[in-house]
2 protein chains.
Amino acid sequence: MARPAPSADTAQRILDVAERLVQTRGFNGFSYADIAETLRVTKASLHYHFPSKAVLGKQLIERYETTFLAALRAIEAGSTEPREQLKRYAKIYADVLRDGRMCLCGMLASDYATLPKPMKEEVKHFFDVNEQWLVAVLERGRKAGSLGFKGPALDLARVLVGSLEGAMMLARSYGDASRFDTAAERLIASL
Amino acid sequence: MARPAPSADTAQRILDVAERLVQTRGFNGFSYADIAETLRVTKASLHYHFPSKAVLGKQLIERYETTFLAALRAIEAGSTEPREQLKRYAKIYADVLRDGRMCLCGMLASDYATLPKPMKEEVKHFFDVNEQWLVAVLERGRKAGSLGFKGPALDLARVLVGSLEGAMMLARSYGDASRFDTAAERLIASL
DNA sequence: GTCTATAGGTGGATAGAC
DNA sequence: GTCTATCCACCTATAGAC
């Protein structure tokens, strides 16, 4: 007790570095050696904390989803207006992109065919949670009359998630984050 | 002349196999060994036709873009109605997805950070061409009054490309191509 | 144009000392 | 919990015979 704030524990720092690597290079585009070099430890040390890359990857998604859910709760706390909530949802993506990253699960969706099965399940769960959150926001907006759209909210939620992920991917290729903003604004303005 | 149809020449068959591998596993998710095994030749033989993976990758995109452009011309020949042309544009993606693949350049956009520079330029060019084609269709539809949208057609074209790519990515993760169809229909119906 | 053989490097992962 | 040392599989790529 009353100790100076401990530096983040090693496992967390490993996850931090691995997360950024997956978000920029994909799951097949980085190695334990990359993490080891950044943290200046040996590969063997990493295997102590995460016995296999599959385990590391799974924990990466679990932590990412937890953080993401916290951001969604923060949105709910910050505004109750559905359209504003959608804008803030899109801003999560925009902030990640401006930090030079892609959505972790967007990257993993691209790598999907090569992922260990446990990671596949976690990736889908992440998107399921996103869809569910968006459905709730969309339904509230429709009932309140502040959002206008036809058909199942779930279909629209899926369009939104896919469109934001895709817009992010293209914006990065062009090195132009404003491409994402323009796309996100259009998508939300159409509701 | 009058010979039996020759089997596709070796370079083309290599490109065929490599194309499918990139479309399913990504550029970092396959190796010369994978191609060699499928075609039952040696890796050394592949290097005779494509000295490096970077060269193979670049030619892959060039051929893909050529094929894609031919499909766009076929759309123009098949219908002059802008909304119908958009539906057929989306159907190109849907057909690729039902063949168990992703868009080649969608996959490469995910791998973007790890690509050799020549491949990066080709990927962007592919998307540029897609945007330009869509802009022309959208502008015609707007002038004819059959499509309704506000703002620059280029912005909308970019939304469409990104959204279709993203929808494709998610649909594959869930192993459900109909997710793509639903998204594409919504996107086009909103115009 | 395809082969065998191999170079030279990196991948994930483990054993065992400290 | 981190290290050294190592394993073995795989990677891209090349030399040179056929």
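What you see is a predicted model; the values in this text were computed from it and never measured. Each chain gets a letter, A, B and so on, in the order the sequences are listed, and its residues count up from 1.
Taking atom NE2 of A:H47 as the reference point, atom P of D:dT4 lies 15 Å away to the nearest angstrom. Distance B:L21 CG to D:dC11 C1': 15 Å, rounded to the nearest Å. B:F27 has its CZ atom 14 Å from the P atom of D:dC11, to the nearest Å. Rounded to whole Å, atom C1' of C:dG11 lies 15 Å from atom CG of A:L56. The CG-P distance, from B:D34 to D:dA9, rounds to 17 Å in whole Å. Per the geometry, CE belonging to A:M119 stands 13 Å off P belonging to C:dG12, to the nearest Å. Distance A:K43 NZ to D:dT6 P: 14 Å, rounded to the nearest Å. Atom CG of A:D9 is separated from atom P of D:dT2 by 10 Å (rounded to the nearest Å).
Considering only side-chain N and O atoms, B:H49 lies under 4.0 angstrom from the phosphate OP1 or OP2 of C:dT2. Look at B:T10 and you won't find any side-chain N or O under 4.0 angstrom from OP1 or OP2 of C:dG1. OP1 or OP2 of D:dC11 lies within a sub-4.0 Å distance of a side-chain N or O belonging to B:S31. For B:T42 and C:dT2, the shortest distance from a side-chain N or O to OP1 or OP2 is not below 4.0 Å.
Annotation: cation-pi pair B:R179/B:Y174 present, NZ/CZ under 6.0 Å from the ring centroid and within 45° of its normal.
Between the CG atom in B:D34 and the CD atom in B:E37 there is a gap of 7.0 Å [rounded to 0.5 Å]. Between B:E19 atom CD and B:T67 atom OG1 the span is 7.0 Å, to the nearest 0.5 Å.
Side-chain proximity of A:A44 to the nucleotides C:dC3, D:dT12, C:dA15 is greatest for C:dA15. Distances were taken from every side-chain heavy atom of B:Y32 (C-beta onward) to each of D:dA13, C:dC3, C:dG12; the shortest belongs to D:dA13.
A:Q12 places a side-chain heavy atom less than 4.5 Å from the side chain of A:R63. For the pair A:F50 and A:L15, the minimum side-chain heavy-atom distance is below 4.5 Å.
The residue B:Y48 sits close to a base: some heavy atom pair falls under 4.0 Å. Within the 4.0 angstrom heavy-atom criterion, no nucleotide atom of any strand lies near A:F50.
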